[in-house]
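The basis for the numbers below is simple: all heavy atoms, side chains too, and nothing from hydrogens, waters or symmetry mates. Residue numbers start from 1 in every chain, and the chains themselves are labelled A, B, ... in the order their sequence lines are given, proteins ahead of strands. A quick note: this is a predicted structure, and the numbers were derived from the prediction, not measured.
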Amino acid sequence: MSSILPIPTISSSATASPPPPPPTTITTTLTADRAAHLIDKTGTLHHLLEIHAALLRHGLHQNPILNFKLQRSYASLGHLDHSTSLFRRTHNPNVFFWTSIIHAHALHAAHHPHALSLYAQMLSNADAVRPNAFTLSSVLKSCPIEPGRALHGHALKMGFICDVYVGTAVLDVYARAGDVVAARKVFDEMPERSLVCLTAMITCYAKNGGVDEARAVFDGVGERDVVCWNVMIDGYVQRGRPGEALGMFRRMLAAKVRPTEVTFLAVLSACAQIGALECGRWVHSYIENNGVRLLSVHVGTALVDMYCKCGSLEDARMVFDGIKGKDVVAWNSMIVGYAMHGFSKDAMELFARMRKLGVWPTNITFIGVLSACSHAGLVTEGRSFFKSMKDEYQIEPKIEHYGCMVDLLGRAGLLDEAYELVKNMEMDPDLVLWGTLLAACRLHGRYEMGEQIAEWLVCSGLANSGTCTLLSNIYAATGNGMVWRK
DNA sequence: TTAGGGTTAG
């Protein structure tokens, strides 16, 4: 983790390809105040390295505040390696230093285990630095449920639980683990609640299926900011209640709260869910009329998805073509959009273009590609794409991909091949898959196979009303409505 | 006299 910090020197800026000169040149005399100001203002690693070099030359690197600022700046510029290295070189780091390095690691999921181990090191250190509420709230951010529970105990024992940051962080640990009851208990016992804390509780409910409970907390919030609104709107979207999501969005605008990108993502998803094309268009023009010159990939993709789901493929394509730096999710939205509306040729062409540009597909890409093959009856291509998932792209087919294949083979009348595919799957087929196969049996008059599957489904108690309808259709067609009733 | 919470697409 801790790499060797390149000891910066002023001459390091005069290497083979020198970076552009920093905005401020460090002069021969450097006071601690001036250095602190320079560190706070810097925005580039190059400049920070130069300041670091100057601190070393002036012997100011021992100053704990400057050392602290330097370490924090390395981290905030995304150079956790430099930050860690500096920390490792610091003798007897104080609680500020420990907290700062723990916090820097807690900011990115990939470094969470390290944040926790730093906290453990801090406690076991010979110089035993005592954590405070700042340390605790930082380390809690990186915690999964088990160490989180222990730290909750720790916070109670040390009396930090009354701190609103610590309380919120503990609440968040339980929320992330889906333990709504424990989160609510922490919430109820908090002596004071900030907007952030209220939002954390709303998020906890919204993410764990309790959108009405979320709403109850939301209604009790006095001054709501955009995050609070976003959480509530997205909560409705995630629970498949787009009408209420859009209602909340209207109320948010009426309350003069300025929407952010996150708001647009949720609202566009709500429009997509109910096929509200006009509302989607309105959001699109709102985005364009409110200072958003260049669509972000996220918002662009949400627009593509909304237009596709609302059936306006031309609008979707127009937005898609305008997205700068398209990632695979953007490509997927357009490919799947085309495929779902039967524009197989466009979907396949787009896939070919995406590959040509070196974008690596995901399992969603193959949902699109295989559906396109299915709609167009391209059996050979479909088989080949399905095979390539594993062989070429190392993507394990999911049940949905088998569904596409069964649909493709079934429509083409290749029932035996489809049945074999289902029987040899590594996972259990679900009712949707059996339903697809049954529908194909009916379409091609393969009553015997239909009966076989039907019998098996009924015997294993798996048949539901949908499959029963299909079954009765099959039996009606065979003129033998009773056979399957054993 | 230097630090810490909540929301993000297919």
Side-chain angles (χ1 to χ4, degrees), chain A residues 32 36 39-40 63-73 75-76 93-104 106-107 131-142 160 163-173 175-176 183 190 193-204 206-207 214 217 221 224-235 237-238 259-269 272 295-306 308-309 316 323 327-337 339-340 361-368 400:
Chain A
I39 297 171
D40 286 343
N63 179 315
I65 292 173
L66 293 179
N67 199 25
F68 168 85
K69 280 183 175 284
L70 205 52
Q71 179 265 344
R72 200 179 49 147
S73 290
S76 69
N94 63 16
V95 68
F96 288 90
F97 226 97
W98 277 105
T99 301
S100 180
I101 195 74
I102 290 168
H103 179 242
L107 289 178
N132 60 23
F134 288 80
T135 328
L136 220 60
S137 67
S138 297
V139 70
L140 278 162
K141 199 175 154 59
S142 69
F160 297 146
D163 180 282
V164 68
Y165 285 76
V166 173
T168 305
V170 171
L171 192 164
D172 188 53
V173 165
R176 277 186 275 119
M190 284 174 76
R193 298 186 194 111
S194 63
L195 174 59
V196 174
C197 166
L198 288 156
T199 309
M201 193 64 237
I202 296 167
T203 310
C204 176
K207 285 241 183 304
V217 178
V221 180
R224 307 179 186 105
D225 66 0
V226 68
V227 178
C228 192
W229 282 99
N230 287 349
V231 168
M232 200 58 240
I233 293 170
D234 192 56
V237 173
Q238 299 303 327
T260 61
E261 181 174 313
V262 181
T263 325
F264 298 136
L265 297 181
V267 169
L268 288 170
S269 175
L295 282 181
S296 75
V297 181
H298 284 180
V299 174
T301 304
L303 279 166
V304 169
D305 183 53
M306 180 278 293
C308 283
K309 288 189 175 142
I323 299 175
D327 63 2
V328 67
V329 182
W331 286 94
N332 286 351
S333 311
M334 199 63 235
I335 291 172
V336 172
M340 295 309 164
T362 66
N363 72 79
I364 304 290
T365 322
F366 283 99
I367 298 282
E400 294 89 338

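- Applying the 3.5 Å distance criterion, the base of B/dG10 shares a donor-acceptor pair with the side chain of A/T362.
- Rounded to an integer number of Å, the gap from CH2 of A/W229 to P of B/dT8 is 18 Å.
- When distances run from any side-chain atom of A/D305 to the nucleotides B/dT8, B/dG10, B/dG6, the shortest one goes to B/dG10.
- Between B/dG10, B/dG5, B/dG4, one nucleotide has an atom nearer to the side chain of A/V196 than all others, and that is B/dG5.
- No engagement by A/T365 is indicated, since no non-hydrogen atom pair under 4.0 Å with the nucleic acid exists.
- Evaluation of atom-type donor-acceptor distances gives a pair under 3.5 Å for the side chain of A/D225 against the base of B/dG6.
- Side-chain N/O atoms of A/S137 and base N/O atoms of B/dG4 include a donor-acceptor pair closer than 3.5 Å.
- Judged by distance alone, with hydrogens and angles left aside, A/T199 brings a side-chain donor or acceptor within reach of the base of B/dG6, the pair sitting under 3.5 Å.
- Atom CD1 in A/I233 sits roughly 15 Å away from atom P in B/dT7 (whole-Å rounding).
- In this structure, A/M232 atom CE and B/dT8 atom P are separated by 14 Å, rounded to whole Å.
- Nucleic acid contact for A/T203: sugar-phosphate only, since backbone atoms but no base atoms lie under 4.0 Å from a heavy atom of the residue.
- Across all non-hydrogen atoms, the minimal contact from A/A169 to A/S137 is CB-O, 4.0 Å.
- Nearest heavy atom pair, residue A/I323 against residue A/T301, reads CD1-N, 3.8 Å.
- Base orientation of B/dG4: anti (glycosidic angle beyond 90° from 0).
- Counting only distance, with no hydrogens or angles, the side chain of A/S142 and the backbone of A/S138 share no donor-acceptor pair below 3.5 Å.
- Remark: the backbone N or O of A/T199 is paired with a side-chain donor or acceptor of A/T203 at under 3.5 angstrom.
- The heavy-atom pair separating A/G300 from A/L295 by the smallest distance is CA-CD1, 4.1 Å.
- Between the CG atom of A/N94 and the C1' atom of B/dA3 there is a distance of 10 Å, given to the nearest Å.
- With no hydrogens or angles considered, a side-chain donor-acceptor pair links A/T362 and A/N332 at under 3.5 Å.
- Residue-level contact check: A/V299 touches neither bases nor backbone, having no heavy atom under 4.0 Å from any strand.
- A/F264 places its CZ atom 17 Å from the P atom of B/dT8, with the value rounded to the nearest Å.
- The side chain of A/H298 places no N or O atom within less than 4.0 Å of a non-bridging phosphate oxygen (OP1 or OP2) of B/dG10.
- The side chain of A/I65 sits closest to B/dT1 out of B/dT1, B/dG10, B/dG6.
- Heavy atoms of A/N63 sit nowhere under 4.0 angstrom from any nucleic acid atom.
- Between B/dT2 and A/R72, no contact under 4.0 Å exists linking OP1 or OP2 to a side-chain N or O.
- B/dT2 atom P lies 15 Å from atom CG of A/N132, rounded to whole Å.
- Counting only heavy atoms from C-beta on, A/V329 has its side chain closest to B/dA9 among B/dG6, B/dA9, B/dG5.
- Regarding A/F97, its CZ atom lies at a distance of 17 Å from the C1' atom of B/dT1, rounded to whole Å.
- A salt bridge is defined here as a Lys NZ or Arg NE, NH1 or NH2 lying under 4.0 Å from an Asp or Glu carboxylate O, and A/D172 with A/K141 fails to meet this definition.
- Judged by ring centres under 5.5 Å apart and planes tilted less than 30 degrees, A/F96 stacks against the six-membered base ring of B/dT2.
- Looking at the side chain of A/V297, the nearest of the listed nucleotides B/dG10, B/dA3, B/dA9 is B/dA9.
- On a pure distance criterion of 3.5 Å, a polar donor-acceptor pair joins the side chain of A/D163 and the base of B/dG4.
- Phosphate contact (OP1/OP2 of B/dA3, side-chain N/O of A/K141, threshold under 4.0 Å): absent.
- Whole-Å rounding puts the A/M190 CE to B/dG6 P distance at 12 Å.
- Contact annotation for A/A133: base contact, defined as any heavy-atom pair under 4.0 Å involving a base atom.
- In this structure, of B/dT2, B/dT7, B/dG5, it is B/dT7 that holds the atom nearest to the side chain of A/V227.
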